[in-house]
Amino acid sequence: MKDTADLMHLLDGVTIAQRVGDLPKRVSLVTYDSREVRPGCMFVAVRGTNTDGHRYIDAAIEAGASVILCEELPAQLQPVCYVRVAHSEFALGVVAANMFDNPSRKLKLVGVTGTNGKTTVATLLYNLMSQLGHKAGLISTVCYCVGEESCDATHTTPDAITLNRFLARMVEKGCEYAFMEVSSHAVVQQRIAGLHFAGGIFTNITHDHLDYHKTFAAYIEAKRHFFEALPAGAFALTNIDDPTGMVMVQGTRATVRTYSLRRVADYQATVKSHERGGMQMDFGAPHCDVWVNLIGDFNAYNLLAVFGAASELGFPAEESLTAISTLHPVPGRLDFIFGPENRVAVVDYAHTPDALQNVLETLTQLGQGRLITVVGAGGDRDRSKRPIMGALAAKYSAWVYLTSDNPRSEEPDTIIHEMYQGVPQEQQARVYCLADRREAIQSACMLSRPGDIILVAGKGHETYQEVKGVRHHFDDREEVRIALQRIIEE
């Protein structure tokens, strides 16, 4: 954005219900954070999850805002311009896109939504473009990338202004493609309003984020809205092995394409073999038998989605599959760390029942030894999944350590107790409750024997533990390497 922006250009596409006061020709800034207000700016009052921006309208005016975009006019009007709209969150998305000259229309932007697999699919597509010689951008849970530049992510899908700023940076740096995760929160909160997508991908859906959406039906509906908003020229690639796969695309104007490991679809594949280092996949066409450096049926789905999206973007099958065979796992997603005497530790982000079960099932197919699992559940989040995850860990593992995983404002022992409640009584003797995550990882590694697999689940790429509102450095991968080294030293 330049030093000032034409206000009528910013409001292009915004349906105005009421205007009070004269519209200035230009504004200096657009923000929804009253702390960022400066003279001559537009303040957008957004009703957030924790606070209502309408409460800060007077403070924004005192700080110099000349335009207030809101859903409800204050009782006492000040000598500024008020623009009333039905949904200020949606209007913010449109204004943000206009502010950066609609960068999504200058890219082939593909959104990935679903409970599990979003990060892997988006990141693999970004890496695939690099392998194919095309510059791309990425917005994911792990990081935001513009070409080869990257920075740590703050949200799975950032706010509309940040999002368009990154997309504009991608355009400026010559990117042709952009791949982004689209969270259910982002859809409901209209963070993607005003964006133009070339395609959308649905991975799967399982119970998650019910602390926010309250019901599973509402969670599904949030995901479905993303596909309903796709334009007619886009593609909607959906996993039809998921029970909601076709539900997702019922109301879309986009061209529907399907992928499956189990039935007839536009894109099909078969997993022929699993090994610790990868798997052999048949993508169902001549010369499409490919060795890939990822393991597990869930990753087979991810790779099939990548292949389908590449095909929809116009890349020949043989060219994209050759590049797919060179791709490697995303950091924190089935990260293998090899230890002494054929021990192997696996760090994975699995923090939902479905994701945890997928990882556990995959690892039980690989090892000749035992599976030892370290797992927790996040505080201030969906409590219903805690006993399910405890039960799953006990079902598939020889030994289990239930431990802390971002307890946030909750007491770790309370979370662990709720996980333990899901463990059948006959399996409880194999389950340890240990709130100190470092100690749990060390104990699991020391308990291991040659040939065993130690799974450390829940945090993956994250490098912190959040306790009572404070983030402390903690990296599962670092802790695992230290614990495995101690085995060698002893």
Side-chain angles (χ1 to χ4, degrees), residues 1-5 9-11 13-14 27-38 41-51 53 56 60 65 67 69 87-113 118-119 122-123 126 136-173 175 177-197 200 212 222 226 229 461-462 464 471:
M1 182 180 173
K2 299 177 182 178
D3 291 339
T4 62
H9 171 67
L10 293 180
L11 293 175
V14 175
V27 295
S28 61
L29 173 78
V30 176
T31 182
Y32 63 93
D33 187 339
S34 61
R35 296 167 297 183
E36 296 179 353
V37 172
R38 68 185 191 218
C41 86
M42 174 195 286
F43 174 69
V44 183
V46 172
R47 300 187 193 278
T49 304
N50 299 316
T51 188
Y56 301 97
V67 180
L69 193 155
H87 303 288
S88 55
E89 287 177 321
F90 181 85
L92 175 61
V94 175
V95 168
N98 290 336
M99 181 167 67
F100 292 97
D101 200 21
N102 292 285
S104 63
R105 294 184 176 275
K106 302 170 185 177
L107 297 159
K108 290 184 179 178
L109 175 63
V110 177
V112 186
T113 196
K118 297 189 298 296
T119 301
T123 305
Y126 165 76
L138 172 68
I139 295 173
S140 78
T141 301
V142 178
C143 63
Y144 306 150
C145 300
V146 178
E148 296 180 356
E149 302 172 11
S150 68
C151 64
D152 292 339
T154 56
H155 295 81
T156 297
T157 310
D159 66 86
I161 295 174
T162 302
L163 182 52
N164 279 279
R165 181 181 292 114
F166 270 101
L167 292 174
R169 178 76 171 160
M170 293 174 195
V171 172
E172 180 187 342
K173 291 296 183 179
C175 294
Y177 301 89
F179 304 98
M180 64 175 287
E181 295 184 49
V182 178
S183 68
S184 56
H185 293 65
V187 176
V188 172
Q189 296 169 9
Q190 302 288 350
R191 295 182 219 161
I192 58 172
L195 297 186
H196 183 272
F197 286 91
Y212 179 80
F226 167 61
H461 65 282
E462 293 179 347
Y464 62 86
R471 289 191 173 188

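Side chains are part of it too, since the values below use all heavy atoms of this structure and drop only hydrogens, waters and symmetry mates. These figures come from a predicted structure and were not determined experimentally.
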A.B. asks: Ignoring hydrogens and angles, tell me if any N or O in the side chain of Thr141 forms a donor-acceptor pair with the backbone of Thr119 under 3.5 Å.
C.D. replies: no

A.B. asks: Does any non-hydrogen side-chain atom of Phe100 lie less than 4.5 Å from one of Ile161?
C.D. replies: yes

A.B. asks: Any side-chain heavy atom of Leu195 within less than 4.5 Å of one from Leu163?
C.D. replies: yes

A.B. asks: Should Tyr126 and Ser140 count as side-chain neighbours, where that means a heavy-atom distance under 4.5 Å?
C.D. replies: no

A.B. asks: Quick check for you: to the nearest 0.5 Å, what is the distance between Leu167 atom CG and Asp101 atom CG?
C.D. replies: 12.5 Å

A.B. asks: Which atoms form the tightest heavy-atom contact between Cys143 and Cys145, and what is the distance?
C.D. replies: SG-SG, 3.4 Å

A.B. asks: So which heavy atom on Val188 is nearest to which on Ala222, and how close?
C.D. replies: CG2-CB, 3.7 Å

A.B. asks: Is the shortest heavy-atom distance from the side chain of His196 to the side chain of Leu109 under 4.5 Å?
C.D. replies: no

A.B. asks: Please find the pair of heavy atoms, one from Met42 and one from Val27, that lie closest to each other, and give the distance.
C.D. replies: N-CB, 4.2 Å

A.B. asks: Please round to the nearest 0.5 Å and tell me the distance separating atom OH of Tyr177 and atom CG of Leu138.
C.D. replies: 16.0 Å

A.B. asks: Could you grab the distance from atom CG of Leu92 to atom CE of Met99, nearest 0.5 Å is fine?
C.D. replies: 8.0 Å

A.B. asks: Just verifying a value: how many Å separate Glu148 CD and Lys173 NZ, rounded to the nearest 0.5 Å?
C.D. replies: 11.5 Å

A.B. asks: Distance check, rounded to the nearest 0.5 Å: Thr113 atom OG1 versus Lys118 atom NZ?
C.D. replies: 6.0 Å

A.B. asks: Take Val44 and Val95 through the side-chain contact (heavy atoms from CB on, under 4.5 Å) test and state the conclusion after the steps.
C.D. replies: CA-CA 10 Å; Val44 183; Val95 168; 5.6 Å; no

A.B. asks: Using side-chain hydrogen bond (donor to acceptor under 3.5 Å, both in side chains) as the criterion, list what pairs up with Arg47, not counting sequence neighbours.
C.D. replies: Asp52, Glu71, Glu72

A.B. asks: Are Glu172 and Val146 packed together at the side-chain level, in the sense that at least one heavy-atom pair is separated by less than 4.5 angstrom?
C.D. replies: no

A.B. asks: Can you name the closest pair of heavy atoms from Glu89 and Val46 and give their distance?
C.D. replies: CG-CG1, 3.3 Å

A.B. asks: Show the nearest heavy-atom pair for residues Gly111 and Val182, with the distance to one decimal.
C.D. replies: CA-CG2, 3.9 Å

A.B. asks: Search all heavy atoms of Ala91 against all heavy atoms of Val14 and return the closest pair with its distance.
C.D. replies: CB-CG1, 4.0 Å

A.B. asks: Measuring from atom SG of Cys175 to atom CZ of Phe166, what distance do you get when rounded to the nearest 0.5 angstrom?
C.D. replies: 12.0 Å

A.B. asks: Got Thr51 and Tyr56 here, is their nearest side-chain heavy-atom distance under 4.5 Å?
C.D. replies: yes

